[in-house]
Amino acid sequence: MTGPQQVLLQRRGGGVVVRADGRDVQVPEEELADLVRRLEAEGAGPRWVWDDTTRWYPALLAAGVRVRRCTDLRLVHRVLRRSTAVDRELLAGPDTAAWDELAPVSASSGAPGGAAPEGLFEMAAPAGSLDAAAELARQEAAVAASPLRGRLQLLAAAESAAGLVAAEMTHAGLPWRADVHDRLLVDELGPQPPAGEQPRVLVHLLDQARSALDAPTLNPDSPADLLRALRRVRLEPPDTRSGTLQQLDHPAVVPLLEHRRLSRLHAANGWRWLREWVRDGRYRPDHLPGGVVSGRWAAQGGGALSVPAVLRPAVVADDGWRLVVADVAQLEPRVLAAVSADADLARAAAGGDLYQGVVDSGAVATRADAKLAVLGAMYGATAGSGGRMVDHLARRYPRAVEHLELAAAAGERGEAVSTWLGRGSPVPTGSWTQQAPDQPASDADLRERRSWGRFTRNFVVQGSAAEWASSWVALLREELWRLGSGRVAERPHLVLFLHDEVLVHTPAALADDVALAVRGAAERAGRLLYGDFPITFPLDVHVGRAWSDAGGH
DNA sequence: CCCGATACCTCA
DNA sequence: GTTGTGAGGTATCGGG
């Protein structure tokens, strides 16, 4: 047998059944961590096969055990079930529907504000009835029979590794300085008010807005109320979005917008958030690889993927430690160049700034135009300056643009599209899918059809970028482990992953090695997915004490 | 009183 | 001049 030995774990009758080399051994749950630790220490360690990483790995990590690799049957099942390159018959089994519905469980102690009762966990975990051995056999058969076998194997490995990264990030937690967070809030909002009262600065801004509009009971959170008040002073904005209000010439605008910005900060990431989500200097959201249809990760708990820029100074490395912050420049257009095999676009990307490369090729006049053109092509802009710029782009980079047009056209026909490694898009179900594209249709149907085309257009790029990024963090995880010694949180380790950006918490002495590892992993991910196609993935890498030291995007 | 839809803002 | 992807999250508001 080539590759690491597979060891399959299943919970049965209060214990764990460990299957290796076709033999079953029953182990009490409390002895599992020691067994895993022992096998991990032998050579390269096995490949653990289990129903769902969120049901196994947090307890192992809590016991100080790290695993090198696994197969996460839940994550792989979801990929294969939707892949256009997989024979669905080969995946069909008596418990297929149960695998479809298997949901991850929360790694944290449950609901914010208190530990979850034991029962909650069990209710959310019907995995006990699933036959992991049978599912593994079906998955292996389905992959083996697929024309995209090699790519699906890469995707399965990346997804499974992503599950490990996600659990480790929650386990270690994002370093979060409550005192710094509090200081930032006080600077913006004034001192923390007593329960039930608004912060001083909000009270003052609301007073200003109300008197400027002569509306003493105005609730600025109510769009209807706000529109009424504005109409009384002869202002007729079409909506109450900040960008719209900003166009108005009225003394109420400044306090209104400032009130909105600060009340949002207070409601979303204020003192209540701090109490709820930060414990012992760590913020521990749940990270969900493949949580988004495109394959991007989702997160749950405290809005981890939208940490406002103003609060990033509160993310500070421990004493003697550093944060290494790295983000990929223009990830999606680079992935587009690779998946469409557009050598011209790859050449434009070679200089490091893809947008400047597009300008230098003569496609458009300015960097701003290049950005409009590239983003417009990937999102499906038709009108306005974005739409015009896409035409210029199409003349110079026909392959890349055609790749997107084909994805959009397939979506408009109601067909699924696929990422580079074989993740399939969902199939639409709206009423428009019942008609031939050339038949007369209602405006609403036509709008939906085009909207779905924009989704599939974007899916091939966003999804392919997501699998590149998951491969990147999977490779990085391995390199970080080798840099240090001890448990996960004692070595350099990932603490946050945001689509195209990673934060690594590392002992200061290893920070430069980490910076090299982050670049090395990006290079290896590019070769792993795209072979010798000449696309590069340059990174901005910063080493500092705080997240904000990196400057941001 | 809960629930879903809507509006808006945050992030990539 | 025209805004085109994917999320999480909080608030309001109307319906059951």
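Letters go in sequence order (proteins before strands), and every chain restarts at 1. All values below were derived from every heavy atom in this structure, side-chain atoms included, with hydrogens, water molecules and symmetry-related copies excluded.
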Specify the separation, in whole Å, of atom [atom1] of [X] and atom [atom2] of [N].
X: A/Glu188; N: B/dT10; atom1: CD; atom2: C1'; answer: 15 Å
X: A/Leu257; N: B/dA7; atom1: CG; atom2: C1'; answer: 15 Å
X: A/Leu245; N: B/dC8; atom1: CG; atom2: P; answer: 9 Å
X: A/Gln246; N: B/dC8; atom1: CD; atom2: P; answer: 15 Å
X: A/Trp547; N: B/dA12; atom1: CH2; atom2: C1'; answer: 11 Å
X: A/His287; N: C/dG8; atom1: NE2; atom2: P; answer: 14 Å
X: A/Arg260; N: C/dT10; atom1: CZ; atom2: C1'; answer: 13 Å
X: A/His266; N: C/dG9; atom1: NE2; atom2: C1'; answer: 16 Å

For nucleotides 1-7 of chain C, print each protein N/O atom paired with a nucleotide N/O atom at under 3.5 Å, atom names and distance only.
| from | atom 1 | to | atom 2 | distance (Å) |
| --- | --- | --- | --- | --- |
| C/dG4 | O3' | A/Arg454 | NE | 3.1 |
| C/dT5 | OP1 | A/Arg454 | NE | 3.3 |
| C/dG6 | O4' | A/Gln462 | NE2 | 3.0 |

So, [X] versus [Y], ring centres under 6.0 angstrom or not?
X: A/Trp420; Y: A/Tyr530; value: yes
X: A/Phe537; Y: A/Trp468; value: yes
X: A/Trp271; Y: A/Trp277; value: no
X: A/Trp176; Y: A/His181; value: yes
X: A/Trp452; Y: A/Phe459; value: no

Side-chain (A/Ser471) to main-chain (A/Glu467) donor-acceptor, under 3.5 angstrom:
yes
Determine the contact category for [X]: base if any of its heavy atoms lies under 4.0 Å from a base atom, sugar-phosphate if only primed atoms, P, OP1 or OP2 are that close, otherwise nothing.
X: A/Gln300; result: sugar-phosphate
X: A/Arg457; result: nothing
X: A/Ala466; result: nothing
X: A/Arg264; result: base
X: A/Val307; result: sugar-phosphate

Using the test side-chain contact (heavy atoms from CB on, under 4.5 Å), find all partners of [X] that sit at least two apart in sequence or belong to another chain.
X: A/Leu184; answer: A/Val180, A/Leu311, A/Pro313, A/Ala314
X: A/Ala410; answer: A/Arg413, A/Glu415, A/Val417
X: A/Ala416; answer: A/Thr84, A/Ser425, A/Val427

Give me the distances for all protein-to-nucleotides 11-16 of chain C N/O pairs that come in under 3.5 Å?
| from | atom 1 | to | atom 2 | distance (Å) |
| --- | --- | --- | --- | --- |
| C/dC13 | OP1 | A/Ser222 | OG | 2.5 |

Are A/Asp100 and A/Arg78 ion-paired here, with the side-chain N under 4.0 Å from a carboxylate O?
no
Flag the pair A/Asp342 and A/Arg399 as a salt bridge only when some basic side-chain nitrogen lies within less than 4.0 angstrom of an acidic carboxylate oxygen.
no
Distance col, row A/Leu404:CG vs A/Asn458:CG, nearest 0.5 angstrom, shows 9.0 Å
Would you mind reading off the bend of the helix from B/dC1-C/dG16 to B/dA12-C/dT5 from its two end axes, five pairs each, to 10 degrees?
0°
